[in-house]
Amino acid sequence: MDKNKISNLLIVLIYSCAPYVLVYNKAILTESFSLSLITIWIYQTLKVLETNSNKRFLAISIEAFILIMLKPVFLYLLVILIAYPIILKIKKMEFKRKILIAFIPIVLTLMYALAFYNKYEIFTISATSINQKFIISIQRKYYEYDPNNEISKIIIDNKEKNEWEILSEVYASNYSLKQINEYNHLVFKNNANKVPHDTLDLMYKISDQKYLGDYYTIKDKYNYDQKNYVYKSKFLGFMFSIYDLKIINIYVLIVIALFINIVKLIKTKRLPIIDLLLLGMIAMPLIIAIISTNAEYPRTSCLLLPAAFIYFSIILYYVTNKTLKLPIEEKIIANKNEQEEEK
């Protein structure tokens with residue numbers, strides 16, 4: 001077995017045994033399905049790039065819609081599907097087929113959003129995102145811009161309660177999801193100058209947070225000693241200690257991936273499609289988690305972990321083989337040249 005296969009198997013083993021993957025897999029059903037399906041989606045997408053198969057492209061389009069229904073964070077996959085035939089400059093007839101297939105999950109998502117609009121008069125696919133945005137406005141004290149606003153008054157009158165209890169008070173006061181959404185737009189618009197600074201400040205503050213599945217372990221009375229903040233199981237404690245992955249490590253990986261993308265673009269004069277794909281799949285869940293959620297950033301961005309581990313294995317390949325060219329890229333270029341000859 002060559003060194004590349006050994007390093008790939010090692011990365012698979014490390015990912016398979018990672019406590020933060022196993023813990024989220026056990027704790028929350030949507031995370032469990034999403035982690036599994038996005039791993040399959042990445043594999044299928046690489047196969048599409050390699051073979052240009054319409055059947056596989058249809059498969060990843062359907063999988064993308066399922067992932068969006070599981071976790072709206074996956075909306076960025078629609079951009080990838082549309083970008084595929086455009087970036088690869090597929091021949092005209094094939095281009096039309098790919099675009100039509102790519103529009104399947106887009107149309108299905110729009111239909112779901114319209115159904116949501118018909119019921120709540122809000123064009124979205126997730127009520128949770130609206131509630132989360134409201135929580136963020138409380139945490140950042142955006143309500144202070146207009147203390148005479150009726151919803152702001154409810155927030156001020158219940159400041160001793162936590163944010164979710166305040167949200168419950170707002171709903172209890174007969175405010176609808178639509179009114180809360182309108183309030184969100186209002187307070188964020190009036191605090192637009194603060195939002196970039198507050199977001200960057202949050203990025204810095206959460207950089208030390210760990211992907212250790214604290215969401216689950218804190219509630220795990222059998223394995224976690226809440227009084228002394230240690231794991232009762234020595235094996236579990238050891239596993240968590242060696243997998244000390246933090247959000248700042250993802251920041252570093254994103255910077256390295258960005259650097260590699262720029263170098264490859266300059267050297268080859270071509271878009272580094274695979275590197276760019278994985279960079280987007282690492283960065284987007286984290287960016288969306290930071291912008292649109294109010295807490296548990298490792299949990300809400302854990303969906304980037306499959307792409308992160310895969311890209312780490314690619315970096316190992318680049319280092320051990322002293323090259324920035326992947327074997328699959330040669331097949332992609334060959335397919336592209338073949339398409340151009342047939343035009």
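This structure is a prediction, so every number in the text was calculated from the model and none was measured.
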Closest contact, heavy atoms only, L303 versus V73
CD1-CG1, 3.7 Å
So does I166 get a backbone contact from the side chain of N158, meaning a donor-acceptor N/O pair under 3.5 Å?
no
Write down the atom of Y76, the atom of P285, and the distance for their closest heavy-atom approach.
OH-CG, 4.0 Å
Please name all residues satisfying side chain to side chain contact (heavy atoms under 4.5 Å, CB included) with S292, sequence neighbours left out, ordered by chain then number.
I288
For residues T124 and S126, report the shortest heavy-atom separation together with the two atoms involved.
OG1-N, 3.3 Å
Between N321 and Y317, is there a donor-acceptor pair closer than 3.5 Å when you use the side chain of the first and the backbone of the second?
yes
Taking side chain as C-beta onward, heavy atoms only, is I274 less than 4.5 Å from I314?
yes
How long is the straight-line distance from CD1 of I247 back to OG of S207, given to the nearest 0.5 Å?
8.0 Å
CD1 (I256) and CG (N261) are apart, to the nearest 0.5 Å, by 12.5 Å
Do M281 and L304 come within less than 4.5 Å of each other through their side chains, counting heavy atoms only?
no
Under the 6.0 Å and 45° cation-pi test, does K133 pair with F188?
yes
Looking only at atom types and distance, does a side-chain atom of T268 sit under 3.5 Å from a main-chain N or O of R270, one as donor and one as acceptor?
yes
Residues which pass salt bridge (Lys or Arg N to Asp or Glu O under 4.0 Å) with K205, listed by chain and number, not counting sequence neighbours
D201
Any chain of hydrophobic side-chain contacts (each under 4.5 Å) joining Y204 to I254?
no
How would you list, by chain and number, every residue that makes a salt bridge (Lys or Arg N to Asp or Glu O under 4.0 Å) with K264, sequence neighbours excluded?
D275, E329
Mind checking the CG-CD1 spacing from L305 to I282? Nearest 0.5 Å is all I need.
10.0 Å
Return yes if some donor-acceptor pair links the side-chain N/O of N162 with the main-chain N/O of W164 below 3.5 Å, else return no.
yes
Has Y297 got more than 12 heavy atoms of other residues, nucleotides or ligands less than 6.0 Å from its OH?
yes
Nearest-0.5 Å distance that lies between atom NZ in K159 and atom CD1 in I154:
15.0 Å
Could you note down all residue pairs passing salt bridge (Lys or Arg N to Asp or Glu O under 4.0 Å) where residues 171-189 supplies at least one of them, sequence neighbours left out?
E121-K178
Linked, directly or transitively: V79 and F103 (ILVMFWY side chains, under 4.5 Å):
no
Report yes if the side chains of Y175 and E150 come closer than 4.5 Å at any heavy-atom pair, otherwise no.
yes
If you compare all heavy atoms of K153 against all heavy atoms of N148, which two are closest, and at what distance to 0.1 Å?
CE-O, 3.3 Å
Kindly say whether L177 contributes a backbone atom to a donor-acceptor pair with the side chain of N181 at under 3.5 angstrom?
no
At what distance, to the nearest 0.5 angstrom, does CD of E144 lie from CG of N191?
9.0 Å
Would you tell me whether S152 and Y183 have side-chain atoms, one donor and one acceptor, within less than 3.5 Å of each other?
yes
With sequence neighbours left out, the residues meeting side chain to side chain contact (heavy atoms under 4.5 Å, CB included) with P306 are Y15, L35, I38, T39, I42
Side chains of P105 and L81 in contact at under 4.5 Å (non-hydrogen atoms):
yes
I want to check something: taking the side chain as every heavy atom from C-beta on, are L75 and I125 in contact at a cut-off of under 4.5 Å?
yes
V255 and L279: same hydrophobic cluster, using ILVMFWY side-chain contacts below 4.5 Å?
no
Expected output: side-chain Q179 to main-chain S176 donor-acceptor under 3.5 Å:
yes
For the residue pair L278 and A307, what are the closest heavy atoms and their distance?
CD2-CB, 4.2 Å
Tell me, yes or no, whether the heavy-atom count around Y318 atom OH, taken from other residues, nucleotides or ligands under 6.0 Å, exceeds 12.
yes
Could you tell me whether the side chains of N52 and K98 share a donor-acceptor contact shorter than 3.5 Å?
yes
Enter the distance from L108:CG to F65:CZ here, rounded to the nearest 0.5 Å.
4.5 Å
Side-chain contact test, heavy atoms from C-beta onward, threshold under 4.5 Å: evaluate it for E163 versus Q139 and give yes or no.
yes
Please enumerate all residues that pass side chain to side chain contact (heavy atoms under 4.5 Å, CB included) together with L200, with sequence neighbours excluded.
M203
Side-chain heavy atoms of Y143 within contact of I151, under 4.5 Å
no
Chi angles and distances behind the side chain to side chain contact (heavy atoms under 4.5 Å, CB included) call for Q132, T128
CA-CA 6 Å; Q132 290 273 8; T128 304; 4.0 Å; yes
Before giving the answer on side chain to side chain contact (heavy atoms under 4.5 Å, CB included), spell out for L286 and Y251 the whole-Å C-alpha distance, their side-chain angles and the decisive distance to 0.1 Å.
CA-CA 9 Å; L286 184 57; Y251 291 163; 3.5 Å; yes
In terms of heavy-atom contacts, does OH of Y117 have more than 12 from other residues, nucleotides or ligands at under 6.0 Å?
no
N184 versus F134, closest heavy-atom pair with distance
OD1-CA, 3.3 Å
Quick one: which residue pairs count as a salt bridge (Lys or Arg N to Asp or Glu O under 4.0 Å) with a foot in residues 302-325, not counting sequence neighbours?
none
Residues that K47 engages under salt bridge (Lys or Arg N to Asp or Glu O under 4.0 Å), provided they are two or more places apart:
E50
Not counting sequence neighbours, which residues clear side chain to side chain contact (heavy atoms under 4.5 Å, CB included) with L100? List them please.
none
Should we count CD1 of I99 as having more than 12 external heavy atoms under 6.0 Å?
yes
Non-hydrogen side-chain atoms of I104 and L58 separated by less than 4.5 Å:
yes
Taking OH in Y145 as the centre, count heavy atoms belonging to other residues, nucleotides or ligands within less than 6.0 Å. Is the count above 12?
yes
Side chain to side chain contact (heavy atoms under 4.5 Å, CB included) evaluation trace for M111 with F116:
CA-CA 9 Å; M111 287 171 65; F116 200 101; over 6 Å; no
Any pair with a residue in residues 41-61 that passes ring-ring contact (aromatic ring centres under 6.0 Å, His included), sequence neighbours left out, goes on the list, sorted by first then second residue, please.
F57-Y84
Among pairs that include at least one residue of residues 167-176, which meet salt bridge (Lys or Arg N to Asp or Glu O under 4.0 Å), considering only residues two or more places apart or in two chains?
K161-E169
Answer yes or no: is there a donor N or O on one side and an acceptor on the other, between the side chain of K269 and the main chain of I266, under 3.5 Å?
yes
Results of salt bridge (Lys or Arg N to Asp or Glu O under 4.0 Å) for K246 - residues two or more places apart only:
D208
